[in-house]
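Everything on this sheet refers to the single structure shown next.
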Amino acid sequence: MVRVLPYYIPPSLLLRQFSVLTLLNDATGWWPGERWIKGINRLLRIAGGAKKFGCFGYEPHPVYEVTARCNLYCMHCHARGGEPYPGELGTEEAKRVIDNLTTVRDFRMLVFTGGEPLMRKDIMDLTNYAHDLGFNIVYASNATLITPSIAHKMAKNGVVGVAVSLDSVYPYKHDEFRGVKGAWKRAMNGMKNIINAGMYLQINITVSKINLDEFEMIIRLADRIGAHVILLYNFIESGRGLNKGGIALNSMEYMRVIERVSEIQDEVECVIAPVAAPWYYAYLASKSRIPIKLIENIVSGCIAARGMFYIKPDGEVWPCPFIPISGGNVAKEPAIKIWTGRLFKLIRDRENLGEPCKSCLYRGVCGGCRARTFVYTGEIMNGDPVCPLKNDRVMIKKTVKNKYMLG
């Protein structure tokens, strides 16, 4: 049985991770406070083999959607949670998938998501199994099922942290977004139980036209609750959200969000990492005194295929939760083969980007949102059509279709 490498090998990982903090400090004034200092051991374990920072926080970032079942019915769910997923793997098959992930030596942590992972009866068995292999485990949960006893059991079985969704400071509004009355109150209780059990807390916020006017208030609430990191998702039309394009932000609204996030970063203890908005990292680079070439060594912007390895319940692997294109099935072939396969190589190589992304000064720290590009253009490697920083780009005047695009 192959075990996962310890998170502190090689030592250069620590230097890379510290360099990210230096960039945040230089661009925003933020520096780790008491919350981060007290939780440093958990945070380093969660960062695992992280080489760069970007969309979804860091790379590499393997995520296993263990089930599509869910106790909520969120309007934007990319996994269409609550509905059965054809071909969901059983316990032994899921364990073989977890075994398979050890073939990618950069993977040192593992996220279990859904649906709602706690809806799976064998989730603690899978958690124990992954923990015994050396993985540091994180759950992505709506937290409504996390009672004090469940939180204690999670921590005991190797769960280092939990990512919880919060979409409004107003209970009724969050409940409407999540499709179940009382979801906000139960999520708040669940987050308290997570913290009391000694686990790291990450709060995920999905920003859309529905809550744009309160996204800063949600950030400050998440900070007061005790989050270490906030993933600020920008709504993408996928899954159940395919018919809700009217709530997606436009370029001007995206710009407003990233400008404000950079302004309030040093006013909160948590790190704010925009998701599906890699332009934020280009924006930080433009504000920093650190040379872009150095920033490219620690920041990657979009991590689709570069750091994200998203496993569906049947074992199919997507380059991102919002890009429904399979690079292979990890239940049937080695994870390392998928990780180094054609689809992942195509997306990973930014020489394959279409214009204006290909000629952009910040290509190395951004790369454009591959998921939104796919949704809007049907081509995964096109230039990002909604980038709010286009006027700041060094780019060719005419958009050229890249010959390596997938149809």
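The figures here come from the full heavy-atom set of this structure, side chains too, leaving out hydrogens, waters and symmetry mates. From a predicted model like this one, the values you see are computed outputs, not experimental measurements.
Arg108 places a side-chain N or O within donor-acceptor distance of the main-chain N or O of Pro6, the cut-off being under 3.5 Å. The closest donor-acceptor contact from the side chain of Arg178 to the backbone of Trp184 lies at 3.5 Å or more, if one exists at all. Checking side-chain atoms of Asp26 against main-chain N and O of Thr22 turns up no donor-acceptor pair under 3.5 Å. For the pair Arg120 (side chain) and Gly114 (backbone), a donor-acceptor distance under 3.5 Å is absent. Side chain of Arg186 to main chain of Leu145: no donor-acceptor pair is present (N/O by atom type, distance under 3.5 Å, no hydrogens or angles). Judged by distance alone, the side chain of Trp30 and the main-chain N or O of Val268 form a donor-acceptor pair under 3.5 Å. The closest donor-acceptor contact from the side chain of Glu65 to the backbone of Tyr310 lies at 3.5 Å or more, if one exists at all. Judged by distance alone, with hydrogens and angles left aside, the side-chain atoms of Asn193 form a donor-acceptor pair with the main-chain N or O of Ile146 at under 3.5 Å. Side chain of Asp167 to backbone of Phe177: no donor-acceptor contact under 3.5 angstrom is found. Remark: side-chain polar atoms of Glu93 are paired, donor with acceptor, to backbone N or O of Gly90 under 3.5 angstrom.
The two atoms that bring Ala273 and Phe53 nearest to each other are CB-CZ, 3.8 Å, heavy atoms only. Nearest heavy atoms, Ile258 versus Pro388: CD1-CG, 4.4 Å. Nearest heavy-atom pair, Ala143 versus Val164, reported as atom, atom and distance to 0.1 Å: CB-CG1, 3.5 Å. Nearest heavy atom pair, residue Arg370 against residue Ile380, reads NH1-O, 2.7 Å. Taking both residues in full, the closest heavy atoms of Gly158 and Ile137 are given as O-CB, 3.6 Å, listed atom of the first, atom of the second, then distance. What you find for Ala187 and Thr144 is that their closest heavy atoms are N-CG2, 4.1 Å.
The side-chain heavy atoms of Tyr85 and Thr67, taken from C-beta on, include no pair separated by under 4.5 Å. At least one side-chain heavy atom of Leu343 sits less than 4.5 Å from a side-chain heavy atom of Pro319. Using a 4.5 Å heavy-atom threshold, the side chains of Ile230 and Val271 count as separate. Residues Glu259 and Tyr283 have side chains in contact (heavy-atom distance under 4.5 Å, counting atoms from C-beta outward). Within the 4.5 Å cutoff, the side chain of Lys209 has heavy atoms near those of the Asn250 side chain. Residues Phe56 and Asn204 form no side-chain contact, since every pair of their non-hydrogen atoms from C-beta on lies 4.5 Å or further apart. The shortest distance between side-chain heavy atoms of Val66 and Pro313 does not fall below 4.5 Å. Inter-residue side-chain proximity for Ser288 and Leu23 is flagged as met; some heavy-atom pair is nearer than 4.5 Å.
Within a 6.0 Å sphere centred on NZ of Lys51, heavy atoms belonging to other residues, nucleotides or ligands number 12 at most. Counting non-hydrogen atoms of other residues, nucleotides and ligands closer than 6.0 Å to NZ of Lys173 gives a total above 12. The neighbour count for Lys332 NZ, taken as heavy atoms of other residues, nucleotides or ligands under 6.0 Å away, does not exceed 12.
Interatomic distance, CZ of Arg350 versus CG of Asn352, reported as 11.5 Å (0.5 Å rounding). Rounding to the nearest 0.5 Å places CG of Asp349 at 7.5 Å from CE of Met381. To the nearest 0.5 Å, atom CD1 of residue Ile98 and atom OH of residue Tyr64 are 6.5 Å apart.
Using modelled atom types, one finds no donor on one side chain facing an acceptor on the other under 3.5 Å when comparing Tyr170 with Asp175. For the residue pair Glu214 / Ser168, a side-chain donor-acceptor distance below 3.5 Å is found, with atom types taken as modelled. Donor-acceptor pairing under 3.5 Å is lacking for the side chains of Thr28 and Gln265. In this structure, a donor-acceptor pair under 3.5 Å is present between the side chains of Tyr254 and Arg372. Under the 3.5 Å distance criterion, with hydrogens and angles disregarded, a donor-acceptor pair is assigned to the side chains of Asn128 and Asn157. Donor-acceptor pairing under 3.5 Å is recorded for the side chains of Asp122 and Thr91. Checked by atom type, the side-chain pair Asn329/Asp314 shows no donor-acceptor distance below 3.5 Å. Counting only N and O atoms by type, the side chains of Ser300 and Glu59 include a donor and acceptor under 3.5 Å apart.
The existence of a salt bridge linking Lys358 and Glu355 is excluded, since no basic side-chain nitrogen approaches an acidic carboxylate oxygen closer than 4.0 Å. Residues Arg35 and Asp223 are paired through a salt bridge, judged by an N-O separation under 4.0 Å between the basic side chain and the carboxylate. Between Glu267 and Arg220, at least one side-chain N (NZ, or NE/NH1/NH2) sits under 4.0 Å from a carboxylate O, which counts as a salt bridge. Taking a cutoff of 4.0 Å between a charged side-chain nitrogen and a carboxylate oxygen, Glu263 and Arg260 qualify as a salt bridge. Glu88 and Arg69 are joined by a salt bridge, as a carboxylate oxygen and a charged side-chain nitrogen come within less than 4.0 angstrom of each other.
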- Message: Checking Ser165 against Tyr233 for the side chain to side chain donor-acceptor pair (under 3.5 Å) test, could you report, in this order, the C-alpha distance in whole Å, the side-chain angles of both residues, the deciding distance, and whether it holds?
- Response: CA-CA 10 Å; Ser165 299; Tyr233 285 73; over 6 Å; no

- Message: Checking Phe322 against Cys369 for the side chain to side chain contact (heavy atoms under 4.5 Å, CB included) test, could you report, in this order, the C-alpha distance in whole Å, the side-chain angles of both residues, the deciding distance, and whether it holds?
- Response: CA-CA 10 Å; Phe322 309 114; Cys369 178; over 6 Å; no

- Task: Kindly determine whether Leu201 and Met191 satisfy side chain to side chain contact (heavy atoms under 4.5 Å, CB included), including the steps that lead there.
- Result: CA-CA 7 Å; Leu201 176 65; Met191 286 187 276; 4.0 Å; yes

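Residue Leu232 forms a side chain to side chain contact (heavy atoms under 4.5 Å, CB included) with just one option from Ile218, Ile203, Ile205, and that option is Ile205. For the side chain to side chain contact (heavy atoms under 4.5 Å, CB included) with Val138, the lone residue among Leu110, Val111, Val159, Val63 that qualifies is Val111.
A distance below 6.0 Å separates the ring centres of Phe107 and Trp339.
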